[in-house]
Amino acid sequence: MSVVDVERPAPPPVRTAPPAQRGVVAIGIAIAVVLGLAVANAAGWKMTVLYAVGLGLGLVLFHSRFGFTSAWRQLITVGQGRAIRAHMLMLGVAAVLFAGILGSGYSLSGTPEPQLQTAGLGVVFGAFLFGVGMQVGGSCASGTLFAVGSGQTAIIFTLGGFIAGSVFTAFISPFIKSVQSIGPKVSLAETWLGYTGGVLITLVIIGVVVGVSRLVERRRTPPPIDQPPIARGVLRALRGSWPLWVGAVLLAVLNAATLFVSGNSWGITSAFGLWGAKILGWVGIDISSAPFWQDPENAAKLTASVLTDRISVMDFGIMAGALIAAALAGAFTLHRKIPWRMAVGAVIGGILMGIGARFAGGCNIGAYFSGIASFSLHGWLWGVMAIFGTYAGVALRPLFGLGNPKPSDAVC
């Protein structure tokens, strides 16, 4: 039988979303408002706008179920490339928007800065660790935040491991910097065409990735992606789920909005080390002598309110936005019983991601998404190494009671 004769699995049935959980929606809105007022009081209007962008990111991530961890797992296990193609749409739109902002040299906070990092040993090692960790831990950086916000309490173990791994890296900061220095900084926008050339090169790479994903699908005929419950008519905009392409475009727009307002692109994981240091300080353990916190800029963050830290504020917004979105969709559920093997895997995965993100100079958002959108070669290297890490992580998942998609599945 030829490849074209292989019968593809039937698409999954459409399920109707359950009623909205009005009480939880009210609690989520109250939390969001109180946090917003606190941010406005502590840090002013720009930080409040960024908090609102974080709320939007949480809503989009949940409603579109936009995944990074599952996208790489589906591709390598059964050859399902639909989610990876959504990544490419997101990256393409973001690159065009970033080119306009970076090329103009203007943002509401001064000259905007591209997320340009060294494409070298730090990214190779860190992104591989992150790829392993996100499969064992069950979530990536953005996925961890919106999963915690939507009530998936198992992911709290992942977040705890993430924070612990980030705290550990504060003590080995000089070694991490030395590893990160091995390799060149390469911007695809440094051509005679400037940012226009960067966009063209990025779109060519995106086209290659899309073509490869199509070829893999044609050879492996994967099961379709399981579709979350949807609401009918205009309610779908409030209660989800949204098509992946909508999530891709909105995430790109919101990342560009972050760059325009703050002068820096979207990131997530640098806040986790700060949270860990703050928590330890509250229980009487002072780690301000760690090398990372000896840097004057970092030391200032440690002594200031967490509500003045841009990354933290946006992370809080993502969790609050996901809480509201999950309740609107009738999907907010607290899991009281978590298998011990899954909990152990979540903590280990979180620790690996916390360490990996610091070596790589970011996570699936700060390095992969924002790096590629900023035309930094390290973003593409991060993605490649995360796929290699995914292969290892997928092999380890059964040890922690986690399953993987199979070709015989009705959906993946």
Side-chain angles (χ1 to χ4, degrees), residues 17-37 39 47-71 83 86-87 89-90 93-94 97 139-152 155 159 227-262 265-268 271 310-333 364-365 369-370:
Q21 297 158 298
R22 295 183 181 180
V24 183
V25 172
I27 292 171
I29 292 175
I31 291 173
V33 170
V34 170
L35 267 174
L37 292 174
V39 170
M47 198 69 77
T48 307
V49 171
L50 291 170
Y51 170 71
V53 172
L55 285 173
L57 288 166
L59 288 166
V60 174
L61 285 166
F62 181 84
H63 277 314
S64 62
R65 307 311 199 269
F66 201 94
F68 293 83
T69 303
S70 58
H87 286 194
L89 173 61
M90 174 188 73
V93 174
L97 296 175
S139 188
C140 58
S142 55
T144 295
L145 293 179
F146 91 74
V148 169
S150 60
Q152 298 181 40
I155 302 298
L159 179 58
Q227 299 299 312
I230 66 169
R232 300 292 183 181
V234 294
L235 287 177
R236 186 172 185 179
L238 287 176
R239 302 192 53 227
S241 63
W242 301 344
L244 272 177
W245 71 265
V246 172
V249 172
L250 289 178
L251 289 176
V253 170
L254 290 171
N255 197 349
T258 302
L259 178 65
F260 180 71
V261 174
S262 70
S265 51
W266 180 23
I268 288 179
R310 175 179 69 92
I311 305 295
S312 294
V313 164
M314 293 189 68
D315 286 355
F316 295 149
I318 291 170
M319 289 188 282
L323 168 58
I324 296 170
L328 283 170
F332 183 87
T333 304
N364 58 296
I365 299 300
F369 183 10
S370 294

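As a basis for the values below, the full set of heavy atoms in this structure was taken, side chains included, without hydrogen atoms, waters or symmetry mates. Just so it is clear, the structure is predicted and the values come from calculations on it, not from any experiment.
With sequence neighbours left out, Ser312 forms a side chain to side chain contact (heavy atoms under 4.5 Å, CB included) with Ala271, Leu274, Trp275, Val306, Asp309, Phe316. Residues forming a side chain to side chain contact (heavy atoms under 4.5 Å, CB included) with Leu50 (at least two apart in sequence, or on another chain): Met47, Thr258, Val261, Ser262, Arg310, Met314.
To the nearest 0.5 Å, atom CG of residue Leu244 and atom CG of residue Leu89 are 10.0 Å apart. The line from CZ of Phe332 to CD of Gln152 is 10.0 Å long, rounded to the nearest 0.5 Å. Rounding to the nearest 0.5 angstrom, the gap separating the OG atom in Ser139 from the CG atom in Leu145 is 8.0 Å. The line from CG of Leu61 to CD1 of Ile365 is 7.0 Å long, rounded to the nearest 0.5 Å. For the atom pair His87 NE2 and Asn364 CG, the distance stands at 8.0 Å (nearest 0.5 Å). For the atom pair NE2 of His63 and CZ of Phe146, the computed distance is 11.5 Å after rounding to the nearest 0.5 Å.
A donor-acceptor pair is defined here as one N or O able to donate and one able to accept, closer than 3.5 Å; such a pair exists between the side chain of Tyr51 and the backbone of Ala32. Side chain of Thr69 to main chain of Cys140: a donor-acceptor pair is present (N/O by atom type, distance under 3.5 Å, no hydrogens or angles).
The minimum heavy-atom distance linking Leu59 with Gly321 is given by the pair CD2-O, 3.4 Å. A pairwise comparison of heavy atoms in Ile268 and Ile311 identifies O-CG2, 3.2 Å as the closest pair. Smallest separation of non-hydrogen atoms from Val25 and Ala327: CG2-CB, 3.4 Å.
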Would you give me the side-chain donor-acceptor pairs under 3.5 Å for residues 247-256, sequence neighbours excluded?
{"unit_1": "Asn255", "atom_1": "OD1", "unit_2": "Trp266", "atom_2": "N", "d": "3.0"}
{"unit_1": "Asn255", "atom_1": "ND2", "unit_2": "Ser370", "atom_2": "OG", "d": "3.2"}

